[in-house]
2 protein chains.
Amino acid sequence: MTGSLVIAGLGPGDAALVTPEVTQALARATDVVGYIPYVRRVPARPGLTRHETDNREELDRATHALQMAEAGRHVVVVSSGDPGVFAMAAAVFEAVEAGPKAWRDLDIRVLPGITAMLAAAAHIGAPLGHDFCAINLSDNLKPQALIEKRLRLALEADFAIALYNPRSRARPDGFGHALDLMRQICAPSRVLVFARAVSTPEEEIRVARLAEASPEMADMRTVVLIGSSATRIIARDGAPFVYTPRSVPE
Amino acid sequence: MTGSLVIAGLGPGDAALVTPEVTQALARATDVVGYIPYVRRVPARPGLTRHETDNREELDRATHALQMAEAGRHVVVVSSGDPGVFAMAAAVFEAVEAGPKAWRDLDIRVLPGITAMLAAAAHIGAPLGHDFCAINLSDNLKPQALIEKRLRLALEADFAIALYNPRSRARPDGFGHALDLMRQICAPSRVLVFARAVSTPEEEIRVARLAEASPEMADMRTVVLIGSSATRIIARDGAPFVYTPRSVPE
């Protein structure tokens, strides 16, 4: 009995952003595994078992998925966004490396998805239109000092920056520290985009200059985009456009 | 007559990676505009005019698209990958900002797509599974000194890094310089992934340690992924998996 394991990205929320490749993998799955709200995005149907797990149980979830694939099931691990960006793909490969040798020979595939920063950028213009970074502000899995070092060097390099997981109830202060650091390095006119619940009915996108930004503008459903020093706002009736020019003059 | 302008990402090549949102936009377009090979990915049909333009004419192409939208056409500007990542979205907004005031009130939308680095990462495992950067190595639009500064700071910050446009016939040396810089900062065991023509029938993915890497491993169809210092190779029969763990220990 030959099973398979697919780690699939569901995109940020809108069904029109799920790739056909992912839709096809879900159609042939026997089991879907993931964090509760993501699993619930996959409609129930006969022959499909949906395994909902709590957050912060990524390694257990990955191990369970691998065991089912080994037993011959067709398992899809679902992530929001792209599974390779602060999501389940790395957790599955950690489990593969630590697990029995036979797991390395399983049919394992990662299917990319639209990650939050790219959907957020698209919905406001092209703020990541030049070199950029993605930094996870959560200190669950890395030291706060490393977060600050990376953010400082990324600002010195004048990248546009996407901040994932900027702030949560358990970590109310991280994003405030990031703003403090930005104020040491960037001009008060630096452009920020706060994109909340992108591509869902609750989507809310707010543009602010650094001088007006405050920690409360971000929550656990927000991705924050920090422009480079060249990022521009195009004012218009309604929401502005924000973009980063392709050129940097000599 | 109310026209519209959509800047759409076709993904890296495979039709199964084109989002339904983009497919719908193409179905209602009167005009498709873009670089020749991307426009040819959109099938001809009655009522659709396909405007093929050469590379390096991004601003002219953007202006033409805006003029047609202003005249009431439904125009889709197509990019490979994601239009906000080293592609057409920024060029369109440059043209909007420089153009007549009326262009700001046009119905302009950007539709995200699967960008090459995320498809490449998915096809080899999860090498971008932690904080990462995207750097365009082309010096067409920015000074070489800025490229080297950004790469140096990104390596010091220990990001995983995706290099777009690492090498072309017109720029044979840029990627060699990048390798030289990496050799000053990184251990010889640093993991690199050379992903060529991702998700097309010509896809070729090669994993190499820095000590074995050479400039010829990259060409204009390659995206190069540089692991962080923590990136690991899982050996197996056939192609290995490459991933970056989610955690960085204190």
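To find a chain, count down the sequence lines: A is the first, B the second, and so on, and within it residues start at 1.
No other option in A:Pro245, A:Gly125, A:Pro127 has as many heavy-atom pairs under 4.5 Å with chain B as A:Gly125. Of all the listed residues (A:Asp237, A:Val242, A:Leu141, A:Asp131), the one sharing the greatest number of non-hydrogen pairs under 4.5 Å with chain B is A:Asp131. The choice from B:Gly129, B:Ala134, B:Ala154 that makes the most heavy-atom pairs within less than 4.5 Å of chain A is B:Ala134. Of the listed residues A:Leu128, A:Ile234, A:Ile147, the one with more heavy-atom pairs under 4.5 angstrom with chain B than any other is A:Ile234.
Shown here is B:Glu57, whose CD atom has more than 12 heavy atoms of other residues, nucleotides or ligands within 6.0 Å.
Proximity to chain A (any heavy atom under 4.5 Å) is shown, for B:Ile161, by neither the backbone nor the side chain. In this structure, chain B has heavy atoms under 4.5 Å from both the backbone and the side chain of A:Ile108. With a threshold of 4.5 angstrom between heavy atoms, A:Leu146 approaches chain B through side-chain atoms but not through N, CA, C or O. Of the two parts of A:Asp82, only the side chain, counted from C-beta on, holds a non-hydrogen atom closer than 4.5 Å to a non-hydrogen atom of chain B. Proximity to chain B (any heavy atom under 4.5 Å) is shown, for A:Ala121, by neither the backbone nor the side chain. Only the backbone of A:Ala87 comes within contact range of chain B, judged by heavy atoms closer than 4.5 Å. Only the backbone of A:Pro249 comes within contact range of chain B, judged by heavy atoms closer than 4.5 Å.
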Extract all donor-acceptor atom pairs below 3.5 Å that involve side chains of residues 88-97 of chain A and protein atoms in other chains or at least two apart in sequence.
residue : atom : partner  : partner atom : Å
A:Glu94 : OE1  : B:Arg246 : NH2          : 3.0
A:Glu94 : OE2  : B:Arg246 : N            : 2.9
A:Glu94 : OE2  : B:Arg246 : NE           : 3.0
A:Glu97 : OE1  : B:Arg232 : NE           : 2.8
A:Glu97 : OE1  : B:Tyr243 : OH           : 2.5
A:Glu97 : OE2  : B:Arg232 : NE           : 3.0
A:Glu97 : OE2  : B:Arg232 : NH2          : 2.7

With a cut-off of 3.5 Å and sequence neighbours excluded, list every side-chain donor-acceptor pair involving residues 109-119 of chain A.
residue  : atom : partner  : partner atom : Å
A:Thr115 : OG1  : A:Tyr164 : OH           : 2.5

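Residues A:Val248 and B:Pro143 form a side-chain contact, since some pair of their non-hydrogen atoms from C-beta on lies under 4.5 Å apart. Looking at heavy atoms from C-beta onward, A:Leu153 lies out of side-chain contact with B:Phe159 at the 4.5 angstrom threshold.
Residues A:Asp158 and B:Lys149 are not paired through a salt bridge, judged by the lack of any N-O separation under 4.0 Å between the basic side chain and the carboxylate.
Using a 30° and 60° split on the angle between ring planes, A:Phe132 and B:Phe86 fall in the tilted class, from 30° to 60°.
Of all residues in residues 7-16 of chain B, those placing a non-hydrogen atom less than 4.5 angstrom from a non-hydrogen atom of chain A are B:Asp14, B:Ala15, B:Ala16. Of residues 98-106 of chain B, those residues lying under 4.5 Å from chain A by any heavy-atom pair are B:Arg104, B:Asp105, B:Leu106.
Atom CZ of B:Arg150 sits about 5.5 Å away from atom NE2 of A:His130, to the nearest 0.5 Å.
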